[in-house]
Amino acid sequence: MTGRTISSRGGSHDDGMGRSVSSVPSSASSVVSSDMAEKRSPRVAQSSTKSAAVASSSSEDFVDVRRMKSRKSVAERLDGEDFGGPGLFARPKVVNFPERLAERRRALRRRHMVRAAIVVLVVAVVSLITWSLLFSPLLRLHDDRIEVTGTNTWVSKTKVADIAGRQAGRSLLLVDAKTMEGDISELPGVTSATVTKHFPHGMTVDVQAEIPAAILRASDTSLTAVDREGRVLNAVEASVKGIPVIEVSDARRGLDDKAVQQALKILGSLDESVRRKITKVEAKTQDSVTTKLSDGYVIIWGNSSDIALKKAVVDKLLENPKQLDGAKTINVAAPDKATVK
């Protein structure tokens, strides 16, 4: 082999291969090692530091991991409360499917029972409220709490009270006020009726009663009060003063007479001030109804058509008697061509 010269401790010697090797002194080697350490990366430096620290430890600090005794088994660590975290495996939970199914069925059964109980409770509450308001004595109309007002001699208070009394004993919520008002308005002499409920047990019926349109005096001197529709009012027991009188042979047959019917419509439409002045009514035909006033004027109405216009003409002429020039008869059978004589 080629001889090499290796020098140690500052000298040189042959390495057996013909090369001369110089040996660096230990102090110089330390300096070089220090310079090289400074040029290393922080990671390498840190690793070297750790290695140096380990190297500096005594041989007694060496630990054989095979001889280490674990304080807990793997199973105990997996089941421990302090085990777990992101990226770690955990023992999967074992699900008992029959028990889980039974639990779901019990929960579903409880939910159905709760819903059924709620439905039963709601139905019971609604039924109780309905019974209380409609069928219990809570809002029941008392017969002695029904009050009737507005009647007169010609409109029977008893008849009005009888119609209202049909609703006694029922809940005020079930009392049909509109139907009752219609039934009372059909009574002779009643122009309108108003029903007012007073909760919880009362009711007021207020009627607008009119005086008779005329009195039918029969040949036997009997008197019958009738309204403008020809309906018979109460038997006359009060004074008939100020009410026009129509002479008829028989009151019942007189109501079927067209001439009397036209006279009743005319008389019923007149103002009270004019009606009180009427002393005589003649109705020989349905187109020749005539009235005589207490101040001597005679009004020929004809029939009940255009009665509003006829009334306006008569009122205008009677307001200024001078324009009549002494005439006492006013003919408004044709209101647009009224004549006086």
Closest approach of Ala193 to Ser185 (non-hydrogen atoms, all atoms of both residues): N-OG, 3.5 Å
Any Met180 side-chain heavy atom under 4.5 Å of Met203 side chain: yes
Salt bridge (Lys or Arg N to Asp or Glu O under 4.0 Å) between Glu282 and Lys280, intermediate numbers included: CA-CA 7 Å; Glu282 292 183 356; Lys280 185 177 181 181; 3.3 Å; yes
Leu233 reachable from Val281 in the ILVMFWY side-chain graph, under 4.5 Å edges: no
Nearest-0.5 Å distance, CG of residue Asp183 to CG of residue Asp176: 9.0 Å
Flag for Asn303-Ser305: side-chain donor and acceptor within less than 3.5 Å: yes
Distance-only donor-acceptor check, side chains Asp220 and Ser222, under 3.5 Å: yes
Closest heavy-atom pair and its distance - Gln262, Gln286: CG-O, 3.6 Å
Residues Phe199, Leu173; criterion side chain to side chain contact (heavy atoms under 4.5 Å, CB included); working and verdict: CA-CA 9 Å; Phe199 289 92; Leu173 296 178; 4.0 Å; yes
Pro212 and Val226, any side-chain heavy atoms less than 4.5 Å apart: no
Considering all heavy atoms, the nearest Ile211-Trp154 contact: CA-CD1, 3.9 Å
Verdict with reasoning, Leu134 to Leu174, per side chain to side chain contact (heavy atoms under 4.5 Å, CB included): CA-CA 7 Å; Leu134 302 183; Leu174 297 177; 3.9 Å; yes
Any Tyr297 side-chain heavy atom under 4.5 Å of Thr329 side chain: no
Close side-chain approach of Leu255 to Val248, heavy-atom, < 4.5 Å: no
Leu318 with Ile266, same ILVMFWY side-chain cluster at under 4.5 Å: yes
Worked verdict on Arg106 versus Glu103 for salt bridge (Lys or Arg N to Asp or Glu O under 4.0 Å): CA-CA 5 Å; Arg106 287 193 297 270; Glu103 182 182 353; 5.3 Å; no
Worked check of side chain to side chain contact (heavy atoms under 4.5 Å, CB included) between Val207 and Leu187: CA-CA 10 Å; Val207 299; Leu187 293 176; over 6 Å; no
Single-linkage hydrophobic cluster Val313~Val274, side-chain heavy atoms < 4.5 angstrom: yes
Close side-chain approach of Glu229 to Leu264, heavy-atom, < 4.5 Å: no
Hphob cluster co-occupancy, Val123 + Trp131, side-chain heavy atoms under 4.5 angstrom: no
Sidechain-backbone polar pair: Asp250 side chain, Arg253 backbone, donor-acceptor under 3.5 Å: yes
Distance-only polar pair, side chains of Thr130 and Ser127, donor-acceptor under 3.5 Å: no
Check: Thr279 and Leu293 side chains under 4.5 Å, non-hydrogen atoms: no
Leu172 side, atom CG; Leu133 side, atom CG - distance, nearest 0.5 Å: 11.5 Å
From CG (Asp143) to CD (Gln167), nearest 0.5 Å: 11.5 Å
Distance in Å, Lys197 NZ paired with Arg145 CZ, rounded so as to fall on 0.5 Å steps: 15.0 Å
Heavy-atom check, side chain of Ile278 versus side chain of Leu267, under 4.5 Å: yes
Other residues, nucleotides, ligands: >12 heavy atoms within 6.0 Å of Lys311 NZ: yes
Asp325, CG: over 12 other non-hydrogen atoms inside 6.0 angstrom: no
Heavy-atom pair of closest approach, residues Val190 and Arg231: O-NH2, 4.1 Å
Distance in Å, Ile246 CD1 paired with Ile215 CD1, rounded so as to fall on 0.5 Å steps: 9.5 Å
Shortest non-hydrogen contact from Asn331 toward Ala333: OD1-N, 3.0 Å
Minimum heavy-atom distance Ala164-Val205, with the two atoms named: CB-CG2, 4.0 Å
Lys316, NZ: over 12 other non-hydrogen atoms inside 6.0 angstrom: no
Atom pair CZ (Arg111) and CZ (Arg115), whose distance is rounded to the nearest 0.5 Å: 6.0 Å
Leu141/Ile146 under side chain to side chain contact (heavy atoms under 4.5 Å, CB included): CA gap, chis, key distance, verdict: CA-CA 8 Å; Leu141 176 62; Ile146 299 176; 4.0 Å; yes
Path from Ile118 to Ile129 over hydrophobic side-chain contacts below 4.5 Å: no
Worked verdict on Arg228 versus Glu210 for salt bridge (Lys or Arg N to Asp or Glu O under 4.0 Å): CA-CA 10 Å; Arg228 68 182 67 188; Glu210 62 178 354; 3.6 Å; yes
Salt bridge (Lys or Arg N to Asp or Glu O under 4.0 Å) assessment of Lys310 paired with Asp306: CA-CA 6 Å; Lys310 294 176 180 180; Asp306 297 325; over 6 Å; no
side-chain hydrogen bond (donor to acceptor under 3.5 Å, both in side chains) partner of Asp206, the single match among Thr196, Thr151, Thr194, Thr149: Thr149
Note, Leu216 side chain near Val245 side chain (heavy atom, < 4.5 Å): no
Donor on one side chain, acceptor on other, Trp301 and Thr291, under 3.5 Å: yes
